[in-house]
Number of protein chains: 2
Amino acid sequence: MMRLNKPTIKDVAKEAKVSIATVSRILNNSTGYSETTKQHVLETIDRLGYSPNAIARGLINKQSNTIGVLFPDVSGLISAELLQGIEEASHTRGFSVIVCKTDSDGKKTLDFLRLLQEKQVEGIIFTSQFLTKEFAAFIEKMAVPVITVSSYSEQDNIPSVKVDDEAAAYDAVRYLIDCNHTEIGMLSGPPTDPLAGAPRIAGYKRAILQANIPYDETKVAWDKGFYFEHGQLAFEKLYALHPDLTAIFAASDELAVSAISSAYKYGLRIPEDLSIIGYDDTRLAKMASPPLTAVSQGFESMGMKAAELLFQAIETGTQGNGEKIKHRIIERNSVKKH
Amino acid sequence: MMRLNKPTIKDVAKEAKVSIATVSRILNNSTGYSETTKQHVLETIDRLGYSPNAIARGLINKQSNTIGVLFPDVSGLISAELLQGIEEASHTRGFSVIVCKTDSDGKKTLDFLRLLQEKQVEGIIFTSQFLTKEFAAFIEKMAVPVITVSSYSEQDNIPSVKVDDEAAAYDAVRYLIDCNHTEIGMLSGPPTDPLAGAPRIAGYKRAILQANIPYDETKVAWDKGFYFEHGQLAFEKLYALHPDLTAIFAASDELAVSAISSAYKYGLRIPEDLSIIGYDDTRLAKMASPPLTAVSQGFESMGMKAAELLFQAIETGTQGNGEKIKHRIIERNSVKKH
DNA sequence: TTGAAAGCGTTACCAC
DNA sequence: GTGGTAACGCTTTCAA
């Protein structure tokens with residue numbers, strides 16, 4: 001790993017006995033050189049092992065060809081699948097993606113925003129985290145397009161790519177009801193969570209009420225989050241109070257899988273004794289035993305879609321619109337039709 | 001999203017009626033200005049909403065404060081957990097990370113390497129993909145440090161952060177044997193895979209042989225990869241030939257979970273009828289039913305470790321050494337002690 | 001304590 | 001077709 005000075009365009013020019021301008025033209029496939037010099041220059045570029053410096057390039061044409069993506073947490077399947085789609089779309093557009101892990105409390109978010117600003121990213125994708133007015137204002141000043149995925153903004157006029165959580169939750173519970181369940185509980189995240197908490201509970205409630213089932217607040221149990229670990233405690237609360245439940249709507253795949261896990265501990269069979277429907281439909285859903293029936297969001301394609309909308313915005317210089325993603329229910333084997 | 005021209009250091013200088021140099025000094029906390037001017041400049045910076053341009057900065061001090069990370073596939077838990085660690089360590093060092101999804105066939109790898117070279121990244125992390133001589137040679141020319149994680153290089157002298165796969169596999173099978181299993185099968189990925197295929201099979205074989213159990217090649221089944229989907233077919237092959245197996249060593253968590261899934265289909269109870277030990281110990285292991293006993297690699301901390309070693313190399317300008325990670329077996333409930 | 005100016009590696013305009 | 005050169009936004013030496 002020697003650290004020679006890398007050859008610059010100047011070195012190439014000198015070596016090939018042409019001007020810098022000519023080399024630059026050849027590098028950029030513009031016009032203004034003979035085929036002969038082109039070959040000659042290309043050959044010396046090759047011989048010298050020259051590689052253009054994107055930083056210098058970026059300085060002059062004010063382009064970084066880079067976007068920033070913010071995740072509260074990058075270690076789960078949701079982020080992974082989103083990122084997969086985002087990276088895919090970005091690469092085909094010639095953009096690089098910088099990932100930022102903001103931690104869910106959002107303390108680091110502003111720092112990352114500042115960083116991305118300094119690095120001159122041309123756009124920002126905000127995932128799974130509420131975009132507060134403060135953040136929105138900052139990004140507004142950055143004067144680059146933003147888009148939220150699986151999230152939305154306190155500020156309106158910020159485009160978002162997401163499903164309608166209330167409607168999706170409604171449909172999930174409706175599905176349970178259509179399977180003739182009436183004793184339906186819910187495993188939720190914090191009801192105060194504006195993204196995945198409140199709206200999904202609202203959907204649950206609406207479906208229940210509409211089916212003339214009395215709404216019982218104690219049938220929605222929750223802990224601090226949407227992860228497997230959070231499901232354990234929530235399930236126990238729920239089961240202690242309502243051992244007679246025949247179905248559970250879980251607000252995430254991990255909560256659903258956690259419920260499966262806990263149910264087995266109590267000797268419950270799934271779906272015979274207890275039906276469970278999940279939410280997200282990450283890879284985890286198919287890997288569960290039994291395979292999980294779940295509301296599908298399609299994170300990978302949501303990631304791609306968000307990136308594409310962002311690039312459109314970058315090109316046109318306008319913020320553009322978001323897109324409402326259609327959810328659907330993927331039927332597997334965790335729900336019993338009564 | 002208006003596109004005003006962002007203020008530059010020049011604007012700040014003019015507005016504050018000082019020289020560019022002074023502003024620069026203040027920005028960089030170097031010496032050579034009075035407290036009064038500092039306050040004044042800081043105030044105008046604030047008023048103008050000035051933000052330094054890292055690209056221009058990078059051009060002059062030849063630093064991008066960025067590293068590149070290559071993943072064959074970014075959508076799984078392994079990448080997610082590695083990335084979590086890498087991002088964490090990078091952020092505390094003031095570095096950004098660009099993620100590259102190379103696709104497992106490695107076709108895009110060289111393209112990404114070129115891209116990273118142009119973007120002047122200061123180091124590269126190569127994950128879960130064999131670093132061929134060709135790639136190594138390219139990186140050598142880039143003159144930046146590399147490190148492989150969960151992988152190694154055809155070229156020696158490239159540091160790597162990984163467990164000893166042969167030894168880990170050996171221990172896993174040894175664990176099964178210590179639980180008094182003798183009819184032990186293996187669910188593998190392709191035996192030709194130099195990373196996670198061959199070495200783990202070798203470990204399995206060594207443990208079997210050493211316990212004086214005859215080695216039967218047909219007891220190691222595999223399909224094209226290490227994912228859940230690949231496990232289905234492999235398990236069926238295995239079970240068709242050897243319904244008498246009492247334990248299975250799976251070369252990944254997903255293969256193990258796939259085995260659990262398939263086993264249930266055949267009416268097998270786990271671990272009563274069939275014991276299964278996994279490999280990786282991603283989040284998936286704890287979410288399985290029953291929770292999976294598995295060889296733990298600790299991807300998040302491997303990611304951190306790799307990043308830290310890389311930064312050391314960047315600082316010292318030398319390639320440095322890798323680190324052998326200690327594996328351990330996390331006991332959960334998928335293995336029965338006979 | 002401060003400012004002028006060179007230079008980082010490019011691109012793009014203007015001349016020839 | 002080709003070359004000279006200003007400019008991108010910044011850091012850093014050198015002088016004052």
Side-chain angles (χ1 to χ4, degrees), chain A residues 3-42 44-45 48-66 115 117-122 142-143, chain B residues 3-42 44-45 48-66 115 117-122 142-143:
Chain A
R3 291 226 167 131
L4 308 168
N5 277 337
K6 319 298 277 325
T8 71
I9 197 173
K10 211 182 282 182
D11 300 318
V12 175
K14 195 180 300 175
E15 183 76 10
K17 299 190 201 314
V18 296
S19 75
I20 295 181
T22 299
V23 179
S24 176
R25 286 189 198 101
I26 293 171
L27 246 24
N28 294 288
N29 287 304
S30 45
T31 56
Y33 46 85
S34 69
E35 186 59 25
T36 332
T37 51
K38 176 177 177 181
Q39 290 313 323
H40 180 220
V41 168
L42 251 27
T44 62
I45 282 178
L48 261 44
Y50 165 78
S51 161
N53 183 330
I55 295 211
R57 226 174 224 181
L59 181 59
I60 189 149
N61 40 240
K62 295 169 182 308
Q63 292 192 346
S64 59
N65 288 313
T66 303
L115 183 84
Q117 176 178 40
E118 298 192 359
K119 295 228 165 153
Q120 313 297 120
V121 299
E122 299 181 46
M142 287 177 66
Chain B
R3 289 228 168 130
L4 309 168
N5 277 335
K6 320 296 280 322
T8 71
I9 197 172
K10 211 182 281 181
D11 299 318
V12 175
K14 196 181 300 176
E15 182 76 11
K17 300 191 200 319
V18 296
S19 74
I20 296 181
T22 300
V23 179
S24 175
R25 287 190 196 100
I26 292 171
L27 245 24
N28 294 288
N29 286 305
S30 46
T31 55
Y33 48 84
S34 70
E35 185 60 24
T36 332
T37 52
K38 175 176 178 182
Q39 289 314 322
H40 179 221
V41 168
L42 251 28
T44 63
I45 282 178
L48 263 43
Y50 166 77
S51 160
N53 182 329
I55 294 211
R57 229 175 221 179
L59 181 59
I60 189 152
N61 38 241
K62 294 170 183 310
Q63 292 193 345
S64 60
N65 288 313
T66 303
L115 183 84
Q117 177 178 39
E118 297 192 359
K119 295 228 164 153
Q120 314 296 121
V121 298
E122 298 182 46
M142 288 177 67

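Proteins come first, then strands; the chains are lettered A, B, ... in the order of their sequence lines, and each starts at number 1. From a predicted model like this one, the values you see are computed outputs, not experimental measurements. The analysis underlying the following values was restricted to heavy atoms, covering all of them including side chains, and did not include hydrogens, waters or symmetry mates.
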### Query
Hey, does Thr36(A) reach any base, or is it just sugar-phosphate, or nothing, if we go heavy atoms under 4.0 Å?
nothing
### Task
Starting at atom CD1 of Ile45(B), determine the distance to atom P of dC10(D), rounded to an integer number of angstrom.
10 Å
### Message
Can you tell me how far apart OG (Ser51(A)) and CD (Gln120(B)) are? Round to the nearest 0.5 Å.
### Response
6.5 Å
### Task
Work out which heavy atom in Ile9(A) is nearest to a heavy atom in Tyr50(A); give both atom names and the distance.
N-CE1, 3.4 Å
### Query
Relative to the 5' end of DNA chain C, which residue comes earlier, Ala21(A) or Ala21(B), by the nucleotide with the nearest heavy atom?
Ala21(B)
### Task
Specify the closest pair of heavy atoms between Thr37(B) and Ile26(B), including all atoms of both residues, with the distance to one decimal.
O-CD1, 4.1 Å
### Summary
In short, Lys119(A) meets Ser64(B) closest at the heavy-atom pair NZ-O, 3.4 Å
### Message
What's Thr31(B) touching, base or sugar-phosphate or nothing? Going by heavy atoms closer than 4.0 Å.
### Response
nothing
### Message
Quick check on dG9(D): is either OP1 or OP2 less than 4.0 Å from any side-chain nitrogen or oxygen of Lys62(A)?
### Response
yes
### Message
Categorize Ile20(A) for me: base, sugar-phosphate, or nothing, with a 4.0 angstrom heavy-atom threshold over every strand shown.
### Response
base
### Task
Using a cut-off of strictly less than 4.0 Å, decide whether Thr22(A) has a side-chain nitrogen or oxygen near OP1 or OP2 of dG3(D).
yes
### Pairwise distance CD(Gln117(A)) to CG(Asn53(B)) - rounded to 0.5 angstrom
10.0 Å
### Query
Taking the nucleotide of DNA chain C with the closest heavy atom to each, which residue, Asn28(A) or Lys10(A), is nearer the 5' end?
Lys10(A)
### Message
Under 4.0 Å from OP1 or OP2 of dT11(D): is there any side-chain N or O of Arg57(B) that close?
### Response
yes
### Side-chain N or O of Thr37(A) closer than 4.0 Å to phosphate OP1/OP2 of dG1(D)
no
### Expected output: side-chain Asn28(A) to main-chain Ser30(A) donor-acceptor under 3.5 Å
no
### Query
Between dG3(D), dT11(D), dT11(C), which nucleotide has the shortest distance from any of its atoms to the side chain of Ile9(B)?
dT11(D)
## Note on the structure
Walking DNA chain D from its 5' end, the first of Ala56(B) and Ser19(A) to be reached, judged by nearest nucleotide, is Ser19(A)
### Summary
Separation of dC14(C) atom C1' from Arg25(A) atom CZ, nearest Å, is 11 Å
### Task
Look at all strands and tell whether Ser30(A) reaches a base, only sugar-phosphate, or nothing, counting heavy atoms closer than 4.0 Å.
nothing
### Message
Taking 4.0 Å as the cut-off, does a side-chain nitrogen or oxygen of Thr8(A) come that near to OP1 or OP2 on dG9(C)?
### Response
no
### Query
Rounded to whole angstrom units, what separation is found between the OH atom of Tyr33(B) and the P atom of dT2(C)?
10 Å
#### Entry: For atom CD1 of Ile60(B) and atom C1' of dC10(D), their distance in whole Å
6 Å
### Query
Could you give the CG-to-C1' distance, from Leu59(B) to dA7(D), as a whole number of Å?
12 Å
### Query
Please give, in whole Å, the distance from dG9(D) C1' to Lys14(B) NZ?
14 Å
### Message
In this structure, how many angstroms lie between the P atom of dG9(D) and the CG atom of Asn61(A), rounded?
### Response
12 Å
### Message
At 4.0 Å (heavy atoms only), tell me whether Ser24(B) reaches a base, stays on the sugar-phosphate, or touches nothing.
### Response
base
### Query
dG9(D) P sits how many Å from Lys119(A) NZ, rounded?
19 Å
